[in-house]
Amino acid sequence: MFSQALTVRADSIARHFETVFLFTKNDIRTTLIPVTIFALSATPKYNPVHAWNAPLWIWFHLLQFNIANQIQDPEEDRKNKPSRPIPAGRISVDSAADMRWVMVPVCLLLSLWYGTQAVLASTVFAALTIWYNELGGDKMGLSKNVLTAILYGCLEVGGTVAGSPDSCIDKAGALAAALSSTIYATTLHAQDFKDEEGDRLTGRRTLPTMFPNTARFSMMFGLPLWAYALSRIWKTDALPTTAFVLYSAFVGTRFVMYKTVGDDKQSCKYYSVSRIITWEHTEVTGGSSMVFEYPELKIAFEVKDKRERTGGGGHK
């Protein structure tokens with residue numbers, strides 16, 4: 001009898017953990033993994049023993065945002081994303097709303113462990129999460145892009161601080177996060193093309209619904225221009241620069257040439273996750289380093305290379 005009760009309790013606990021995980025499941029590949037790699041690459045001093053702190057901090061904040069976002073319109077999720085915890089019936093909207101507000105102090109307390117910079121990143125993240133979700137910041141294409149980009153930057157900064165043995169981010173890492181956020185703000189609408197038809201039906205204003213042709217051409221020109229600008233900023237060699245620019249041009253051109261929902265989904269995948277583009281020889285390793293599963297990661301890897309070649313380090 002006791003063993004049966006214990007089994008039932010264990011199953012219930014496991015179900016609760018699975019429910020919490022499902023709030024963030026769809027963002028593991030698109031957010032948690034790339035931001036974690038960015039953070040560990042941008043830390044002033046990398047320590048594998050300390051590295052687990054970066055994904056921990058990022059995941060808790062990602063959970064805070066996702067719960068806040070998914071309680072806003074559960075009916076839409078019931079139609080478009082029925083596997084999410086609320087439409088799947090795993091948790092009620094009221095219970096999820098309670099979790100949403102509990103996560104704010106939880107994230108702040110977690111950040112307190114890593115110091116002032118992490119607390120600041122967590123505070124800004126919490127405030128912008130309210131703006132984006134409760135105050136309707138996601139309803140306009142421009143504000144949605146800017147808010148999402150800054151939120152993404154907060155994850156990068158907080159993850160970098162948490163993943164650093166010294167619990168800090170230096171000037172090079174901060175510059176990398178700023179550039180990454182700026183790129184995200186100007187290209188994030190790549191993720192909206194595949195939802196353009198649904199957004200028009202629901203009245204959601206995104207750049208693709210407001211300026212469909214301009215938004216597509218902005219991808220074709222913007223992505224390779226950003227690739228070239230980053231390569232100049234970090235002074236990469238000709239081969240990785242050429243590969244990165246060509247790949248970016250390929251992705252941007254796809255958005256102009258192929259416009260079905262299926263095409264846009266595929267283009268969005270190319271935008272978010274690519275195959276390894278090329279290998280780059282660096283002075284610090286004397287060998288080759290990967291370039292780059294995510295466009296944003298080029299920034300972080302080049303920051304690490306430049307910092308180590310010049311002997312730069314972190315400071316509190």
Side-chain angles (χ1 to χ4, degrees), residues 9-39 52-111 118 121-139 144 147-156 158-159 162 184 188 191-192 194-195 198 202 204 265 268-269 272-273 294:
R9 179 57 58 189
D11 289 343
S12 177
I13 293 173
R15 178 178 171 82
H16 289 319
F17 275 114
E18 184 180 6
T19 298
V20 171
F21 169 75
L22 287 174
F23 276 112
T24 60
K25 179 182 177 181
N26 291 338
D27 292 310
I28 298 297
R29 176 180 59 82
T30 59
T31 304
L32 181 62
I33 292 176
V35 175
T36 296
I37 297 175
F38 179 100
W52 62 271
N53 289 276
L56 177 71
W57 192 95
I58 295 164
W59 183 82
F60 266 87
H61 286 77
L62 185 61
L63 178 63
Q64 177 190 157
F65 178 87
N66 282 8
I67 296 176
N69 184 255
Q70 292 176 32
I71 63 176
Q72 299 306 312
D73 194 350
E75 288 304 317
E76 182 181 348
D77 280 351
R78 218 178 301 278
K79 298 175 184 176
N80 300 325
K81 298 172 182 176
S83 63
R84 285 181 168 179
I86 295 175
R90 301 180 68 97
I91 187 172
S92 68
V93 175
D94 288 341
S95 296
D98 291 340
M99 281 184 60
R100 180 261 180 278
W101 293 110
V102 166
M103 286 306 300
V104 176
V106 167
C107 289
L108 286 171
L109 288 172
L110 174 67
S111 300
S122 184
T123 302
V124 174
F125 187 89
L128 293 182
T129 295
I130 294 172
W131 186 355
Y132 186 98
N133 293 295
E134 280 79 13
L135 300 182
D138 65 327
K139 297 299 189 293
K144 176 185 177 182
L147 285 172
T148 303
I150 300 174
L151 285 162
Y152 202 89
C154 289
L155 291 179
E156 292 175 335
Y184 214 47
L188 180 61
Q191 300 177 1
D192 293 328
K194 65 184 186 299
D195 301 321
T202 59
R204 182 178 289 117
K265 287 182 178 179
C268 188
K269 289 179 180 178
S272 300
V273 184
Y294 296 78

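Starting from 1, each residue takes its place in the sequence as its number.
For the pair Trp57/Leu155, a side-chain contact is recorded, criterion being any heavy-atom separation below 4.5 Å from C-beta on. Leu62 places none of its side-chain heavy atoms less than 4.5 Å from the side chain of Val35. Contact of the Met99 side chain with the Val20 side chain is registered, since non-hydrogen atoms from C-beta on lie closer than 4.5 Å. Ile91 places a side-chain heavy atom less than 4.5 Å from the side chain of Phe23. No side-chain heavy atom of Ser122 sits less than 4.5 Å from a side-chain heavy atom of Phe60. Within the 4.5 Å cutoff, side-chain heavy atoms of His61 are placed close to those of Ser111. Ile28 places a side-chain heavy atom less than 4.5 Å from the side chain of Phe21. At least one side-chain heavy atom of Gln64 sits under 4.5 Å from a side-chain heavy atom of Phe125.
The backbone N or O of Leu22 sits nowhere less than 3.5 Å from a side-chain atom of Arg90 that would complete a donor-acceptor pair. In terms of modelled atom types and a separation under 3.5 Å, the side chain of Asn133 and the main chain of Thr129 share a donor-acceptor contact. The closest donor-acceptor contact from the side chain of Thr24 to the backbone of Asp27 lies at 3.5 Å or more, if one exists at all.
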query: So Val104 and Ile130, side chain to side chain contact (heavy atoms under 4.5 Å, CB included) or not? Walk me through it.
result: CA-CA 10 Å; Val104 176; Ile130 294 172; over 6 Å; no
query: Is there a side chain to side chain contact (heavy atoms under 4.5 Å, CB included) between Met103 and Phe65 once you walk through the steps?
result: CA-CA 9 Å; Met103 286 306 300; Phe65 178 87; over 6 Å; no
message: Test side chain to side chain contact (heavy atoms under 4.5 Å, CB included) on Ile58 and Glu156; report intermediate values, then the result.
response: CA-CA 8 Å; Ile58 295 164; Glu156 292 175 335; over 6 Å; no
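Closest non-hydrogen pair, Ile86 versus Ala96, comes out as CD1-CB, 3.9 Å. Of all non-hydrogen atoms in Lys81 and Pro87, the two that sit nearest each other are O-CG, 3.4 Å. Here the closest heavy-atom approach between residue Gln72 and residue Pro74 is recorded as C-CD, 3.7 Å. Nearest heavy atom pair, residue Thr36 against residue Leu32, reads OG1-O, 2.6 Å. Summarising the geometry of Cys154 relative to Val124, their closest heavy-atom pair is SG-CG1, 3.6 Å, with the distance given to 0.1 Å.
Residue pairs that meet the salt bridge (charged side-chain N to carboxylate O under 4.0 Å, His left out) test with at least one member in residues 94-107, sequence neighbours left out, are Arg100-Glu134. Annotation: ring pair (Phe, Tyr, Trp, His ring centres under 6.0 Å) contacts involving residues 68-110, sequence neighbours excluded, are absent.
One finds the CD atom of Gln191 at 14.0 Å from the NZ atom of Lys265 (value rounded to the nearest 0.5 Å). How far CH2 of Trp59 is from SG of Cys107: 9.5 Å, rounded to the nearest 0.5 Å. Between the SG atom in Cys268 and the CG atom in Asp192 there is a gap of 8.5 Å [rounded to 0.5 Å].
Not a single side chain to side chain contact (heavy atoms under 4.5 Å, CB included) links Ser83 to another residue, sequence neighbours left out. Remark: Asn53 pairs with His50, Tyr114, Ala162 by the side chain to side chain contact (heavy atoms under 4.5 Å, CB included) rule, at least two apart or across chains. With sequence neighbours left out, Val102 forms a side chain to side chain contact (heavy atoms under 4.5 Å, CB included) with Val106. Considering only residues two or more places apart in sequence or on other chains, Pro82 meets the side chain to side chain contact (heavy atoms under 4.5 Å, CB included) condition with none of them.
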